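Accompanying notes for the structure given below.
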Amino acid sequence: MTSKKVRHILDTIAGMFPDAHCELNHSNPFELTIAVLLSAQCTDETVNKVTVDLFRKYKTPDDYLAVPLEELEQDIRRIGLFRNKAKNIQSLCRLLLDKHGGQVPEKHEELVELPGVGRKTANVVVSNAFGVPAIAVDTHVERVSKRLGLAGPDDTVLQVEHKLMKQVPRDEWTITHHRLIFFGRYHCKAQNPQCSACPLVDRCPEGKRRMKMPIKRKSNK
DNA sequence: AACTCGGGGCA
DNA sequence: TGCCCAGAGTT
């Protein structure tokens, strides 16, 4: 794909979502790390409902370790995977205290060593909390990148990340990440993508395919 | 590469 | 009801 076409895609999406940003409730790197960890397999909106109260009760790693696991599970019960997540939070806090003086490390390679923190979470933390350009490839970014042809249909998550970094100027990585998220979440949705109202449909391989042959919705006859 | 965890939102 | 969600760890 030509750099001109990539630029057109980026600019169009920027116009659609001029105020794209990180929607996770947080006010410091530690809270952001907790919020991203909690967000796995559920929406940010759901996470924020929990963290508003959670962050009032728990300010530091010590606070999370001061309560029994069952109490923390109860406090995050409203989101999915809460048993694993509660355990992850406490072991994360223990490690932060043991190895990092209770602070969230700024280096990507240190972040991914933390329990419950993978490559995607580390990218979100460095970009949103520490100002390091990064593109975190989640399900939205992966889906829209493949639909738009910014990545190949069979690329792994890591390959998608590399292709995006190659095609997008470094100082636009973080904002592009957020715009692709918004685009995927509110427009180029997994189930019912708004192709007929999409300014990119003419240049989108997947969009053209879908417009010609709309996906049949499952109907119970 | 496939599987598991898991309650909430939405059609 | 059934299916998916801004993942990561294990096998």
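These numbers were taken from a predicted model, which means no experiment stands behind them. We name chains A, B, ... by the order of the sequence lines, and we start the count at 1 in each one. What's counted below: heavy atoms across the whole structure, side chains too, no hydrogens, waters or symmetry copies.
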Between A/Tyr64 and A/Phe30, is the ring pair (Phe, Tyr, Trp, His ring centres under 6.0 Å) condition met? List the steps. CA-CA 12 Å; A/Tyr64 287 98; A/Phe30 179 59; 5.8 Å; yes

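For the P atom pair drawn from B/dG6 and C/dT1, the interatomic distance equals 23 Å after rounding to whole Å. B/dG8 and C/dG9 have their C1' atoms separated by 23 Å, with the value rounded to a whole Å. Spacing of P atoms, B/dA2 relative to C/dA6, comes out at 22 Å, to the nearest Å.
The environment of A/Lys57 atom NZ is dense: over 12 non-hydrogen atoms of other residues, nucleotides or ligands sit within 6.0 angstrom. The 12-atom threshold is not exceeded at NZ of A/Lys99, counting heavy atoms of other residues, nucleotides or ligands nearer than 6.0 Å. When the shell of 6.0 Å around NZ of A/Lys87 is examined, it contains 12 or fewer heavy atoms from other residues, nucleotides or ligands.
If you measure from atom CG of A/Leu37 to atom C1' of C/dA6, you get 13 Å, rounded to the nearest angstrom. One can place CG of A/Leu111 at 12 Å from P of C/dA8, the figure rounded to the nearest angstrom. The distance between atom CD of A/Gln191 and atom C1' of C/dC5, rounded to the nearest whole Å, is 9 Å. Summarising the geometry, the separation between CG on A/Asn123 and C1' on C/dG7 is reported as 13 Å, rounded to the nearest angstrom. Counting to the nearest Å, the P atom of C/dA6 and the CG atom of A/Asn48 are 12 Å from each other. When the P atom of C/dG7 is taken as reference, atom CD of A/Glu161 falls 15 Å away, rounded to whole Å. Atom C1' of nucleotide C/dA6 and atom CG of A/Asn128 are separated by 11 Å, given to the nearest angstrom. Spacing between atom NE2 of A/His178 and atom C1' of C/dA6 amounts to 9 Å, rounded to whole angstrom units.
By the 4.5 Å heavy-atom criterion applied to side chains, A/His26 and A/Thr51 are not counted as neighbours. A/His140 has its side chain out of reach of A/Lys189: every pair of non-hydrogen atoms, C-beta onward, lies at least 4.5 Å apart. Side-chain contact check for A/Val104 versus A/Leu32: every heavy-atom pair is 4.5 Å or farther apart.
Counting all heavy atoms, side chain and backbone alike, A/Glu142 lies closest to A/Asp155 at OE2-O, 4.4 Å. Across A/Ala40 and A/Lys85, no two heavy atoms sit closer than the pair O-NZ, 2.9 Å. For A/Pro115 against A/Leu95, the heavy-atom pair with the smallest separation is CD-CD1, 3.7 Å. In this structure, A/Leu150 and A/Met1 approach most closely via the heavy-atom pair N-CE, 4.0 Å.
Backbone-only engagement by A/Val117 is indicated by non-hydrogen atom pairs under 4.0 Å involving sugar-phosphate atoms exclusively. Heavy atoms of A/His26 sit nowhere under 4.0 angstrom from any nucleic acid atom. Using a 4.0 Å heavy-atom criterion, one finds that A/Ala190 contacts the sugar-phosphate atoms exclusively.
Taking for each of A/Pro115 and A/Asp44 the nucleotide of DNA chain C with the nearest heavy atom, the 5'-most of the two is the partner of A/Asp44. In terms of position along DNA chain C, the nucleotide closest to A/His21 lies nearer the 5' end than the nucleotide closest to the other residue of the pair A/Val112 and A/His21.
Between A/Glu172 and A/Arg179, no side-chain nitrogen of the basic residue sits less than 4.0 Å from a carboxylate oxygen of the acidic one, so the salt-bridge criterion is not met.
Of the residues in residues 138-150 of chain A, not one places a heavy atom less than 4.0 Å from an atom of DNA chain B. Contacts between residues 81-97 of chain A and DNA chain B, defined by a heavy-atom separation under 4.0 Å, are made by A/Leu81, A/Phe82, A/Arg83, A/Asn84.
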Could you run down the sub-3.5 Å N/O contacts of the protein with nucleotides 8-10 of chain B?
| from | atom 1 | to | atom 2 | distance (Å) |
| --- | --- | --- | --- | --- |
| B/dG9 | OP1 | A/Lys49 | NZ | 2.8 |

